[in-house]
Each structure stands twice: as C-alpha cells, then as structure tokens.
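Reminder, nothing fancy here: chain letters follow the sequence lines and each chain counts from 1.
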Number of protein chains: 2
Amino acid sequence: MKLEILTTNDSENVQKKIISQIRDLINYKNLEPGDKLPSERMLSEKFEVSRGNIREAIQKLEFYGLLKSIPQSGTFVANIGVIALNGMIEDILSLEDPDFKSLVETRILLELKTARLAALRRTEDDLKAMAETLEAYTNKVKAGEDAVQEDLLFHLAIAKASKNTTINTFMLMITPGIITNFEKYHVCDKNLAQKGIQEHYDIYEAIKNQDPQLAKQKMKDHFSVLYQYCYNSNSEK
Amino acid sequence: MKLEILTTNDSENVQKKIISQIRDLINYKNLEPGDKLPSERMLSEKFEVSRGNIREAIQKLEFYGLLKSIPQSGTFVANIGVIALNGMIEDILSLEDPDFKSLVETRILLELKTARLAALRRTEDDLKAMAETLEAYTNKVKAGEDAVQEDLLFHLAIAKASKNTTINTFMLMITPGIITNFEKYHVCDKNLAQKGIQEHYDIYEAIKNQDPQLAKQKMKDHFSVLYQYCYNSNSEK
DNA sequence: AAATCGTAACTGGTTAACCAATTATAACAA
DNA sequence: TTGTTATAATTGGTTAACCAGTTACGATTT
C-alpha cells in the first residue's frame, strides 16, 4: 500500500519531475541560450518516461517562453540566459492553482486599467460593440433573468477596446473562473443587477466621452459594491 | 498558384477554423452547459481533419475554461452559458500576439500591484529570497556585467511575495518577452543598472518595513526612468 | 587540400492502432 | 413491471510506427 502511494504519481507530478530533470540537464551540460536540447527520444529513454510525457513538459516550458521547438531540427533553449531560466523554472514548479480571491483581486486591477485605456483608445466600432453588450445585459436584467454572462461580455468588450492584447488575453483567461464562482456563490442578485445597469451605463458614457479618469472612477464604483458584497457574504474561498 | 495560397493553411488557421466550427455546432445543436460534445472521432470525420487537430483545438478551448475533457467519458461544455461561450470564442479567435508596448504597459500595472501586496503579505522567507536576488543583481552590476536576468528575478521574487497566484502566473508569462526585448534594444545600459541598485534597494526596504504606499511609489519611480528610456530611444515596436 | 555532392542518420511532428475506463443496452430474474 | 447483471459499444488517452525535412559526414571530384 505504502509502496503504491510512493510510486503512483498523477501526470502532473510526472511532468514536474521531468521539468526539473530538464533544468538539471541544462545546468549539468552548461547549455547556453540557443543550444540544442537532446532529442525527445533520448530524453524519454534517459528519464524513463514516454515520449509523450517529454513532449508535454517541453510544451509547457515552451508556453512560458523558456524553450523553442523547431520541426525536424530540435528543441532549443530560449534566449533568456541560464540564471533567469533556473529562477523561472523554480517559480513555475511552485505555482499553485489560482484561488477565487486572487482572481477577483486581479480582475479589479485589470479592469480599472482597461476602463482607462478604453477611454483613450476606443474606436467607433468598439463603442458599438460595447453598446450591444450593454443592451443585452439591460434586457436580461429587466426581464428578471440572470445576466452574469452578459455582464462579463460587457467587461470583455471594454478590454478589447483597451487595445492592449496582453491585458485582453489575461481578462479572457480569468473570466470563466469568475463566472462559475459568481454563479456558485450567487454573487449577483437582482438588486445588484439593477444597480449594475446604471453603473455600466456610466462607464460606457465615460469611455464614449474619452474621459479616462472618470471611466476608471466609475469602474471603481462598480466594483466597490461587488467587492463589498463578496467580502461580506462570501469571505471564505 | 492562387489555388495553393487559398488551400494551404498553416496549423494555426486550421485550428481557428475548427474552433469556429465547434462553436457553430454548439449553437446549432443548442448544447447547454454540461452537455456532451460529439466524440473526437466524430468531429474529426465531420470537419474532415485529423483527430490530432481536433484534440489541439479542444485543448485550447479547455485552456480558456470553455470546455472540459473527462477521460473515457467525453468532452463537455463548461458551466458558463452559451452567450458567454459565444462571446469568448469570438474574442479568442480575434486575439493577436502581444506587442512589446502592451507587454511593458501590463508589466508596470502588475508590478505596482505586486509591490503593494508584497509589502502587506511578505513573510520572512520572501524577504530572504528577495535579498538573495538583490545581492546577485548588485554583484553583477558592480562587476560591470549585464544583469537583466537578475533584475527580472528580483521582480519575480516580489511577485511571489504578493501571494496572488494569478498575478504571479501572469508575471511569469510576460517575463521572457520582456527579457528578450530588453536585450534586443539594449534597454538596460550600465548607467541605468547603477541607478537600479539603489531603486531596487528602496523597494526592498519598503516591502521589508511593510509600507505598501511607499513600496508602490518606489516601484513607480523605478519604472518611470525605464519607461522614459523606452519611449525616448525605442518608441517604435 | 578544398569543394561538392550524395547518402544515411536524426529531428520534431503526425498518424493509426491500441488501451482501460465508462456508459448504454439488452437479456434475464424477481 | 422493476431491478440486476452481463455484454457490447463508445469514450478520451496512450503508444509505437511512420513521415518529411534537416543535418552531419564522408566519398568523390577538381
């Protein structure tokens, strides 16, 4: 039994082990940026795991910009230096899954910025897209229906108008987690949704009038209610 | 020739096409959250692409939290509703690769927050880790060597001390892009690196003394020089 | 000795067959 | 009719063989 616990690793732990082994290999062989890693086949043999596991680990490191695979040629160490590489791999290995609180905290941070940037950079098309999502939200709320999705789509429209692709990507990444947790904890009741209509409209107007300060402030107001609501009724996880 | 241009799609475009076809299918079949998607085999036959392409597309949508694959069971629509799903897929399809300007803009936003949060939440271990990276940076600069990597590792240590896993992940994601661009444009010259020592130390002290306002301000000062330098000498991409 | 060419080994990527677990089905029993 | 069980089909995941492009290297020619 004990033996089984020790030897049975889920695929996540296998991947972490492979990643740390790749790091050790790079250090041991003194591989410089641009150098070629041993082939996937050799690594799978050396680490005694399937080639699929190796590819998975390489893809993760490629996602974080530490490796670069080139077809029919090899996998190469990225141009960021061994010190940064070691530090980053260490951080990646110790990364934990995001909790709801960190999601909300990050969302507010990003949204205050997107509101400001959208006010500065929005085009007429952006305004049109925002108006559409705002109308969909309003109709849903007035019909007494749940409108969490339409709410988030309005915010994503602002993110798109901010013309910052990095923040836009990050907003997309956190949105599903926000939606599921909101619905789970019933964060948005009808009372809150009614207020939301006016708040959304205020944000929209500020962006339309290209007033970054006001846009940020209105977004802040919007979240202050939400924030407060979250931490009063659902302070845990 | 023209025909070849029209029919030859790189794998990225193939994936985008599959993703939009999956979206159409969900809409056409009125699949609700939690419903099961057709099997990978059926999809690959229906869309006339390999099963591998299908898996790749599903994995991307799974990354953004829109689908969920369960072994030996099926692929399921996430619990976020069809409206949000449609909107998000649209956004994902139109996402472009991040440019350097958006990376820097996002980095500053995140770092002002991590400095503040780290001042509030840092442990003794966090301080120790920060001090180590700070020392490595100082030594490198005093030896007249390039210290971009050590610079970034100090900032990542702050991110870790902020105890916000989402922001920490985002910092890790943008760091390689920052490093390569910095080295490409030689953003950090020796003069700037010398100033950096004092600035880093100021940030460290503020976090150590648990002064969030000061930590944020010192981080802002740190970036104002960098920012200015960026936009003066390298305003273009 | 140097340059060129061709061959053979090696690369990451792709594919089709296979696997174990789940699920649907239908036969059977109560 | 209802509940149970055995079985067959289906699922996502895994694997090993295969592919096309790249690279290394040595024979050959000049």
- Message: Rounded to whole Å, please give me the gap between CD in B:Glu40 and P in C:dA17.
- Response: 17 Å
- What's the NZ-C1' distance between A:Lys36 and D:dT22, to the nearest Å? 9 Å
- Identify, between A:Pro71 and A:Arg41, the residue whose nearest nucleotide on DNA chain D lies closer to the 5' end. A:Arg41
- Task: For B:Phe76 and for A:Gly74, find the nucleotide of DNA chain C with the closest heavy atom, then tell me which residue's nucleotide is more 5'.
- Result: A:Gly74
- Separation of C:dG13 atom C1' from A:Gln72 atom CD, nearest Å, is 6 Å
- Rounded to whole Å, CD of B:Gln15 lies from P of C:dT14 at a distance of 11 Å
- Query: Can you tell me how far CD1 of A:Ile58 sits from CZ of A:Arg51, rounded to the nearest 0.5 angstrom?
  - Reply: 9.0 Å
- Can you sort out the partners of A:Arg121 under side-chain hydrogen bond (donor to acceptor under 3.5 Å, both in side chains), two or more places apart, ordered by chain and number? B:Glu105
- Task: Quick one: sort the A:His155 and A:His200 rings into parallel, tilted or perpendicular, breaks at 30° and 60°.
- Result: perpendicular
- Separation of D:dT11 C1' from B:Ile70 CD1 (nearest whole Å): 11 Å
- Query: Does A:Ser39 put a side-chain nitrogen or oxygen below 4.0 Å from OP1 or OP2 of C:dT11?
  - Reply: yes
- Task: Nearest whole angstrom, please: distance from the C1' of C:dG13 to the CZ of B:Arg51.
- Result: 17 Å
- Verify the contact: side-chain N or O of A:Arg55 to OP1 or OP2 of C:dG13, cut-off strictly under 4.0 Å; return yes or no. yes
- Note on the structure: Here the distance between atom C1' of C:dG12 and atom CG of A:Asn53, to the nearest Å, is 17 Å
- Short side-chain N/O contact from B:Ser73 to OP1 or OP2 of D:dT10, under 4.0 Å: no
- Whole angstrom is fine here: how far is it from CG in B:Leu43 over to P in D:dG13? 13 Å
- Query: Would you say A:Ser50 reaches D:dT14's phosphate, i.e. side-chain N/O to OP1/OP2 under 4.0 Å?
  - Reply: no
- Message: Can you confirm whether or not the ring centre of A:Phe154 sits under 6.0 Å from the ring centre of A:Tyr137?
- Response: no
- Query: Any salt bridge between B:Lys140 and B:Asp146, counting N to O under 4.0 Å?
  - Reply: no
